[in-house]
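Notes to accompany the following structure.
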Amino acid sequence: MNHGPLIFLGVFFALALSWFGLVFESQLQLGNAQPTTNLVNAAQLYPQMRPGQARQGLDVYRSLGCAACHSQQIGQTGRTYDVALTDAGTNRSAVVDTLLKVKPDATAIEAQRLLEKPPATILKDVTRAAADAAVAKFEPTGAKVEVRVIPTGPDIARGWGKRRSVAEDFLFDQPAMLGSQRVGPDLADVGSRLPDANLHSLHLYDPQIVVSKSVMPPYRFLFEKRKIGREPSPDALKLAGKFAPEQGCEIVPTDEARQLVAYLLSLRADTAIFETPMTVARANVSTNAPAATNAPAAQTTNSVAK
Amino acid sequence: MNLDPNKSPAPQEPEPTTGSAPAPVWLFVLVALLAFWGMGFLDSHGGGFDARVYAPYNSAKEVEDEWPKSGAGAAFARGELVYREVARCILCHQPTGLGSPGQQYPPLAKSEWVLAQEPGRVIRIVLNGLQGPITVTGQQFNSNGMVPWRDTLTDQQIADVLTYIRSEWGNNAPEVKPEQVKAIRDKTAGRPGQWLADELLKVLETE
Amino acid sequence: MIATSSSWHTVSPGPRSGSVAPPAEIDASCRVAVMVLLACAAAWLVVASGFGLIASLKFHAPNLLADSPWFTYGRVQPAQVNALIYGFAAQAGLGIALWMIARLGRTLLVQPGYIVVGALLWNVGVKLGVFGILIGDTTGYEWLEMPGYASPILFAAYAIIGIPALLTFHHRREPTLYVSQWFLLAALFWFPWIYSTANLLLVFFPVRGVLQAVVDWWYVNNLNQIWLGFIGLAAIFYFLPKLTARPLYSNYLAILAFSTLALFGGWGGIHSGAPVPAWMPSLSTVFTVLTAIPLIAITINLNRTFTGAIAKLKESLPLKFVVFGAVAYLLAGALAIVSTFPQFSQITHFTLFTPARTQLFLYGFFAMTMFGAIYHVVPLLIQNEWPSARLVRAHFALAMLGLAFYVGSLSVGGILQGLALNDPQVPFAGALNRPLVCFRVGTLGDLLMTAGNVCLALNLAWLLARCCRACCVPAIMAAVKPQMAEAAR
């Protein structure tokens with residue numbers, strides 16, 4: 001029997017199986033994904049396209065191969081629940097009574113204090129059933145009490161993000177560089193964790209300025225050393241000690257450095273969407289509040305960003 | 001190995017052959033066992049092959065259940081969905097709740113109509129729509145009118161979306177319950193057309 | 001299967017008719033084509049080792065070459081990987097595969113001239129690709145970093161090499177298929193399919209968002225487990241029985257291993273914390289666990305074939321390499337199965353453990369098997385023994401020691417790193433302290449492996465120089481002599 005065509009067919013079938021199962025099926029599910037309803041901030045869909053500088057910065061990130069040491073995927077291993085009081089309502093005594101029932105180890109004075117400045121966390125780290133039961137107990141008192149869902153996991157505990165990364169986070173990225181190593185910290189949410197552009201510039205120039213025993217190589221070639229003109233440039237790096245250039249010279253970021261920093265600042269993964277149940281503590285949101293999106297942080301900092 | 005470069009390599013070994021020992025039966029049993037385990041694993045960890053389910057959740061229902069259902073928070077979330085997707089109030093009144101003065105869509109943020117303690121008037125507006133000029137926050141708006149939602153939205157939906165607009169954008173008015181909406185729906189059952197602002201002002205808020 | 005005209009092949013008998021070709025003739029037909037592939041592979045191995053050494057040293061001295069954007073870690077590391085995979089592994093694999101297909105089919109290699117052209121074009125592609133990575137045109141996808149102007153060249157070169165390979169298989173005069181031929185035929189088809197798919201869906205018509213990562217992981221897994229895995233297994237199944245002069249224990253076990261590996265092996269690659277819906281990592285886990293079946297089948301097969309033949313190890317150096325490769329394959333496979341479970345991967349993902357596992361597979365299994373094959377095959381092709389048996393022994397010792405240092409230290413370091421990263425009390429900078437110390441041993445291992453690779457390159461260069469002097473010089477003299485005589489007259 002001529003095995004040749006048989007092997008060919010078998011191999012084609014085997015390869016087609018894994019291609020259909022993994023590549024095609026996921027394309028069917030996620031290929032036409034659109035920005036989703038942001039369930040927290042009513043003003044915007046999620047994700048937003050990165051603004052121009054940040055998009056160019058993504059290209060710099062790709063070209064320098066930053067993904068070789070940095071991942072961009074936060075993981076989650078579980079979740080826990082808090083119960084929070086958002087409005088004490090009018091019947092304060094009933095609320096205090098219920099509070100003492102729900103939290104037996106609290107004293108009356110502690111309970112009163114919780115009512116003074118809502119929102120206040122009444123119960124921490126309880127199961128969903130316990131949280132729901134507590135909320136039910138508060139219904140007749142007229143107070144506004146809510147269950148807060150808090151994702152948990154080592155990455156989240158480390159402060160690398162408030163929730164796990166999902167497909168939606170990478171919707172507009174080309175290429176999506178998830179990374180597979182953590183020689184350096186995870187960068188998925190670095191824009192909210194470190195919103196200071198100046199810090200990023202210093203770190204890129206020489207990581208040892210910021211982290212003394214850093215393994216990250218210095219990216220001095222992203223910066224330009226030039227003579228100080230009549231006045232120092234507004235975006236010159238403020239270097240000291242052995243990192244400072246010689247007298248009369250200043251270090252100025254090139255366009256690539258600026259773009260890369262803009263990209264880093266645009267890396268945020270703190271928006272709650274359907275796939276990532278999580279409660280973001282709501283202040284009474286005014287219309288001017290900065291949106292929690294993948295857009296760059298509000299321009300509250302530094303002279304480097306342009 | 002031979003170090004003498006002038007000597008040709010050792011005589012060639014023959015090509016390999018295979019024996020025909022049978023594959024042990026227990027290996028096939030193992031295949032079956034592993035396949036069975038695999039199916040169980042996919043069942044418990046596969047999230048139902050749903051694109052919206054990510055670990056540590058195991059089904060879309062679990063994810064849905066995680067979002068607040070009870071209490072005002074849930075009404076708020078549901079109302080937001082109505083505002084954005086179901087009734088698309090967002091198109092005219094905007095995501096910021098500021099409306100559009102140029103196009104004569106009145107704002108909802110800080111609107112005294114929305115913030116009224118008793119929601120009777122806003123419920124009527126949503127149920128039967130509005131026509132003609134209306135003064136909101138000191139400005140006059142004269143839009144083409146707001147469509148009635150009586151037949152499109154349920155009492156729950158109207159209650160939710162009103163709860164939402166009364167808590168968003170700095171507004172802080174009490175939530176609206178579906179019973180209140182139902183009461184007014186019954187009261188205004190026979191009404192033919194949209195409200196006029198003057199007419200509404202004549203209706204007491206508590207009605 | 002493929003319509004052939006007589007201009008396509010120089011052998012006149014049709015497939016499976018006529019007498020089998022004697023091995024010496026087969027080797028002679030393979031000589032130039034396979035030697036070009038193997039020599040280029042050896043050269044790229046040294047280049048890749050060089051890049052790897054630079055990358056490794058940067059961990060201990062971050063300021064090394066830091067002012068040159070060409071040698072920043074993020075470019076040198078992909079350059080190393082691509083040089084290793086496409087420069088060394090692909091060419092060594094293809095060279096050995098061609099020789100095995102010809103030998104097992106008892107037929108001469110078809111159109112070796114085309115294969116040489118293909119090999120040279122492949123090298124052009126790899127050079128262009130690695131250069132592109134260094135200047136910053138990297139695509140950003142792991143193991144597929146070569147820019148879009150290099151990958152079509154590789155694809156074309158593969159076609160030019162692959163079609164004669166298929167024809168050689170088609171013209172086999174030995175009708176019964178040996179196990180290795182199954183693996184090789186599958187591998188021949190697998191690569192162009194996954195390579196073209198991955199490049200089309202990632203570089204030329206990119207899919208959206210995280211799907212890019214999914215396609216990339218699918219590609220890397222198929223490249224590793226199936227393509228390199230099949231070629232390496234074909235070599236192990238060929239050389240182990242051959243060099244121990246024993247039959248392979250069971251044909252059925254081998255076919256079982258082949259079919260289950262082909263069916264299950266392509267589904268892995270999506271790790272459990274990935275930002276994709278839960279069903280994808282679950283599928284990968286299930287199928288990776290199922291690859292235990294072919295692993296067990298191969299273990300039984302090789303074990304039963306090899307028992308009692310330990311003495312042969314002392315006699316044959318190529319056998320040592322091949323046995324090492326087999327053991328590394330089984331170990332890497334077992335580690336892959338263990339690593340797929342979230343409880344384990346939660347500790348080891350994103351740590352140094354991953355490169356340790358990759359190195360165990362790529363170098364410990366594939367490269368060592370190819371080394372054994374090269375050390376066996378080259379003297380047959382060139383009709384000349386290796387000039388220095390000592391260099392071969394040194395290569396084995398250096399490779400074995402280097403790999404042990406590298407894999408051992410990085411595994412330990414990776415687990416330490418993972419445990420520290422999972423503890424939020426440990427600051428990030430501190431989590432890297434002990435792993436970095438482990439990595440010093442790893443860099444030492446890198447050095448040793450590089451030295452071993454240099455031994456191979458030196459040995460090969462020496463052999464080629466001697467051989468060229470032996471046959472080319474008299475040939476040139478014979479050609480030139482009459483002209484010199486003419487001039488003298």
Side-chain angles (χ1 to χ4, degrees), chain B residues 1-67 81 84-85, chain C residues 23-24 27 103-104 106 174 178-180 237-243 245-256 260 272-273 275-279 281-283 285-287 289-290 292-293 296-297 300-301 304-305 316-317 342 375 379-380 383-389 392 463 466 470:
Chain B
M1 286 174 82
N2 200 339
L3 262 181
D4 183 353
N6 293 318
K7 228 170 154 188
S8 60
Q12 311 238 10
E13 298 94 349
E15 303 297 349
T17 54
T18 49
S20 51
V25 178
W26 58 261
L27 198 54
F28 293 96
V29 174
L30 189 61
V31 178
L33 283 175
L34 284 180
F36 182 72
W37 166 84
M39 288 193 281
F41 188 87
L42 280 177
D43 207 33
S44 56
H45 289 82
F49 289 87
D50 195 315
R52 297 168 303 163
V53 179
Y54 288 74
Y57 296 96
N58 293 321
S59 67
K61 183 169 188 310
E62 226 180 285
V63 181
E64 251 183 80
D65 286 344
E66 200 83 311
W67 290 101
L81 216 57
R84 298 171 60 85
E85 312 265 326
Chain C
D27 293 342
R103 274 297 201 103
L104 284 169
R106 319 279 201 270
E174 170 56 63
Y178 182 68
V179 170
S180 297
F237 278 130
Y238 180 85
F239 285 103
L240 204 85
K242 178 165 183 159
L243 295 174
R246 288 152 161 257
L248 185 66
Y249 173 69
S250 166
N251 200 32
Y252 300 110
L253 271 176
I255 304 293
L256 177 70
T260 47
S272 45
V276 288
W279 62 267
S282 303
L283 268 182
T285 304
V286 167
F287 280 100
V289 170
L290 281 170
I293 304 294
I296 295 175
I300 301 177
N301 220 347
R304 294 279 166 91
T305 309
S316 169
L317 272 169
Y375 281 124
L380 296 175
Q383 294 293 301
N384 243 312
E385 273 297 350
W386 290 98
S388 166
V392 183
L463 175 60
R466 179 197 296 166

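Reminder, nothing fancy here: chain letters follow the sequence lines and each chain counts from 1.
C:V286 and B:F41 make their closest contact through CG2-CD2, 3.5 Å (heavy atoms, listed as atom of the first residue, atom of the second, distance). When all heavy atoms are compared, the tightest approach of C:P277 to B:A51 is CG-O, 3.3 Å. Considering all non-hydrogen atoms of both residues, C:I296 and B:W26 come closest at CG2-CH2, 3.7 Å. Taking both residues in full, the closest heavy atoms of C:Y178 and B:P16 are given as OH-CB, 3.5 Å, listed atom of the first, atom of the second, then distance.
Just one residue in the list C:P281, C:S272, C:S282 forms a side chain to side chain contact (heavy atoms under 4.5 Å, CB included) with B:H45, and that residue is C:S282.
Atoms CG and CD1, from B:L27 and C:I300 in turn, are 5.5 Å apart once rounded to the nearest 0.5 Å. Put simply, CG on C:N251 and OG1 on B:T18 are 4.0 Å apart, with the number rounded to the nearest 0.5 Å. Between atom CD of residue B:E15 and atom CD of residue C:E174 there is a gap of 9.5 Å, rounded to the nearest 0.5 Å.
Checking side-chain atoms of C:S250 against main-chain N and O of B:A21 turns up a donor-acceptor pair under 3.5 Å.
Neither the backbone nor the side chain of B:N58 comes within contact range of chain C; no heavy atoms are under 4.5 Å apart. Neither the backbone nor the side chain of C:R304 comes within contact range of chain B; no heavy atom of the residue lies under 4.5 Å from a heavy atom of that chain. Neither the backbone nor the side chain of C:A254 comes within contact range of chain B; no heavy atom of the residue lies under 4.5 Å from a heavy atom of that chain.
Most heavy-atom pairs under 4.5 Å with chain C, from the set B:Y57, B:F28, B:F49: that is B:F49.
Considering only heavy atoms from C-beta on, C:I293 comes within 4.5 Å of B:L34 through its side chain.
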